[in-house]
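Here is how names work: the chains are called A, B, and so on, in the same order as the sequence lines, proteins then strands, and each is numbered from 1.
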2 protein chains.
Amino acid sequence: MVTIKDVAKLAGVSMTTVSRAFNEKAVIKDKTRQQILDIAKRIGYVPDYNARGLVTKKKFVVGIFFSSMGDGTSRSFLSSIISTAYEALPDNYLLSVNDIRSVKDINGLVRNRMDGVIVVSQSDRDNDFIYQVKALGLPLVVINRFLNDPDIRNISGDDLRGVKDAMTYAVKQGHQRVGMIEGIPGFTSSTQRRQGFDQAVLANQLIVNPGAIQIGDYSLTSGQQAMIEILRLPKEQRPTVVFCANDDTAIGALRACYAAGVRVPNEISVMGFDDSYYASMSVPALTTVRKPILAMTTRGIEDLLKLIDGDTLSADNHVILEPELIIRESVQAISALD
Amino acid sequence: MVTIKDVAKLAGVSMTTVSRAFNEKAVIKDKTRQQILDIAKRIGYVPDYNARGLVTKKKFVVGIFFSSMGDGTSRSFLSSIISTAYEALPDNYLLSVNDIRSVKDINGLVRNRMDGVIVVSQSDRDNDFIYQVKALGLPLVVINRFLNDPDIRNISGDDLRGVKDAMTYAVKQGHQRVGMIEGIPGFTSSTQRRQGFDQAVLANQLIVNPGAIQIGDYSLTSGQQAMIEILRLPKEQRPTVVFCANDDTAIGALRACYAAGVRVPNEISVMGFDDSYYASMSVPALTTVRKPILAMTTRGIEDLLKLIDGDTLSADNHVILEPELIIRESVQAISALD
DNA sequence: CCGTTAAGAGTTAACGCTAACATAACGCTA
DNA sequence: TAGCGTTATGTTAGCGTTAACTCTTAACGG
């Protein structure tokens, strides 16, 4: 194994100088650094992270924990978060990807091997884990879900605003009678999306007939089921646009419409939330709200790194990022309705 | 920070004895070990991996590299592989999940920080990376794709066999005129699936009319396009079953049939490959071939660990696992055809 | 031209752990 | 009960790096 000693000998300098050449902030003459770096490259020296970490007390590992990896909203949820996280992370950091559910020994896994932790949280059930990490005193950032704790750095998307924007768009298209298929009751995301819907209804004096709001569980089949119920309404009471709490639900709703012979968007408009892979592939392609998940990830890593370095962050631990409305084909202007 | 020294002092033993208590294979009296472990737990001692690794030359990190994380065949491709990998990995190992494309410095990232590497390969384009790792001399296992190199441990699924099984099933259902939508030309997977198809045709003396085999590119739209072509054939020449090189293609094909008013499976049967999430959700639900990806992962990790420990593996580096035929609704017995 | 300062480089010790060797304790046989 | 092999534990050194400190040299003002 080629060590810092070998480089030092060849370069005719001390070990420390070599060490300095590899550590950005150190004072060392540019020329010396360059010579050392050249020699190191030539003989294939790379610093040993175990030795380095032993003295600096660092692990150069950031852990990223998912609520439940299989349930990511979109097909690329997991992968695009991971890729984005790497981009925001310095080259010398490793990203350890984990499923919260499968963490057995938080002491052995987290405390001892990671400099900090990002939790990509999908539900309240993650709080246990989050507070265990917090208790460890490890740098921690929770993203993807609003966390009501001023002591924990939290980056979330403004779901309420996203739904409101989507509904406002529908109103601009002339829709007045509206409906919704909700997410799993109790989930913060469900609550916020419902609130966004309600606020839009209030602000625009929209009509919500009984039966126009159904409870779903974020699954395709629940969307299908819910839409069947909505379609039971007589046509003149039926909403002209249905906002679905996520894309899977919306695709289920689309399917129910197709089965019932109700054309989308000609006879009824449908909106989703998430912008999953199949949102663009569905027929008609889904108009939906895209969470700023990549921006959340980038910001999350940035903040985590600052926390790791002991820097202070902005006073308010809640960072809320704006979602984006993705307009496709599943909403039609009301004047154009058949 | 609480170190091995603190435990030693409290337990009235030497540091080495404490070290032994934490290392399974060491000789130490059970009673002593238990006392030490108890004390360690009480004062919250956990071994420092940097220190441990410095002397043992280990990193306790396994890297898993994906061709291109966003393109996983099924929605759960990435997540289920990661979860499965963790299950096969000892608790004290970390899993570093990476995208091959985004590896900048293989020396800094891989050589220096990982004990071994699993490559979940999807295409020939990964070979560059694979051979770079091999050149590093690091323990390496390639899974998910057949790799024609006797020097590299390789775990793959038998795609050819999978397609053949699927076709045999179709033949048993009475199908004689068959067609196929192929994958991206040049990909090993495309070639093998085509060969499986061809072998089934030969073995069962099936009829393949001109135009019944189309080239796709594994995308939904290519499947749609290809099926449109196939449906141009006069009904009596048209295949009664079309095997699609993957599920996305098959779903595209389904869509084309729907658009053309051709009912599946009543008028034409369709099969896919992958068993992706939407295979079960499509209408009709897709009969498809499921790759043994989880078994590949488990075996891959097991073999990698042996390689890391310096154990020898079975002589033949090619391990081929059997796929599974998932029978759903998209294939109908020919006697039942309308 | 001396004294002060700062930049650049060197010396030394320590980080927490385990391997290798050394020693002690134990249990058995003759 | 001496002698031996075996099992259990202790002692010592070193893994590769950086932090803290020291030393050298050049620059500069008065």
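The NZ atom of K59(A) sits 10 Å away from the P atom of dG16(C) (whole-angstrom rounding). The CG-P distance, from N112(A) to dG16(C), rounds to 12 Å in whole Å. Between K58(B) atom NZ and dC17(C) atom C1' there is a gap of 15 Å when expressed in whole angstrom units.
No side-chain N or O of S121(A) forms a donor-acceptor pair with one of N144(A) less than 3.5 Å apart. Side chains of D48(B) and T3(B): a donor-acceptor N/O pair is absent below 3.5 angstrom, by distance only. Using modelled atom types and a 3.5 Å distance limit, the side chains of Q132(B) and D128(B) yield no donor-acceptor pair. Of the N and O atoms on the side chains of D158(A) and S156(A), not one donor lies less than 3.5 Å from an acceptor on the other residue.
Contacts with DNA chain D (heavy atom under 4.0 Å) in residues 26-33 of chain B: V27(B), I28(B), K29(B), T32(B), listed by number.
No donor-acceptor pair closer than 3.5 Å links the side chain of D115(A) to the backbone N or O of K58(A). A donor-acceptor pair under 3.5 Å is formed between the side chain of N112(B) and the backbone N or O of P47(A).
With sequence neighbours left out, the side-chain contact (heavy atoms from CB on, under 4.5 Å) criterion links V2(A) to D6(A), I43(A), Y45(A).
Pairs of residues two or more places apart, or lying in two chains, that qualify as ring pair (Phe, Tyr, Trp, His ring centres under 6.0 Å) and include a residue from residues 302-321 of chain A are F146(A)-H318(A).
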Under 3.5 Å, which donor-acceptor pairs link side chains of residues 104-111 of chain A to any protein atom two or more places apart or in another chain?
unit_1	atom_1	unit_2	atom_2	d
K104(A)	NZ	D91(B)	OD1	3.3
D105(A)	OD1	N107(A)	N	3.1
D105(A)	OD1	G108(A)	N	3.1
D105(A)	OD2	G108(A)	N	3.1
N107(A)	OD1	R111(A)	NE	2.8
R111(A)	NH2	G44(B)	O	2.7

Every protein N/O within reach of nucleotides 25-28 of chain D N/O, cut-off under 3.5 Å:
none

Worksheet, complete the sentence: With B for base contact, S for sugar-phosphate-only contact and - for none (protein heavy atoms under 4.0 Å), nucleotides 10-24 of chain D reads BBB--BBBBBB----

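Under the side-chain contact (heavy atoms from CB on, under 4.5 Å) test applied with I64(A), the options L89(A), V120(A), V119(A), N98(A) reduce to a single match, V120(A).
Using Watson-Crick or G-U wobble geometry with both donor-acceptor distances under 3.5 Å, dT29(C) finds its partner in dA2(D).
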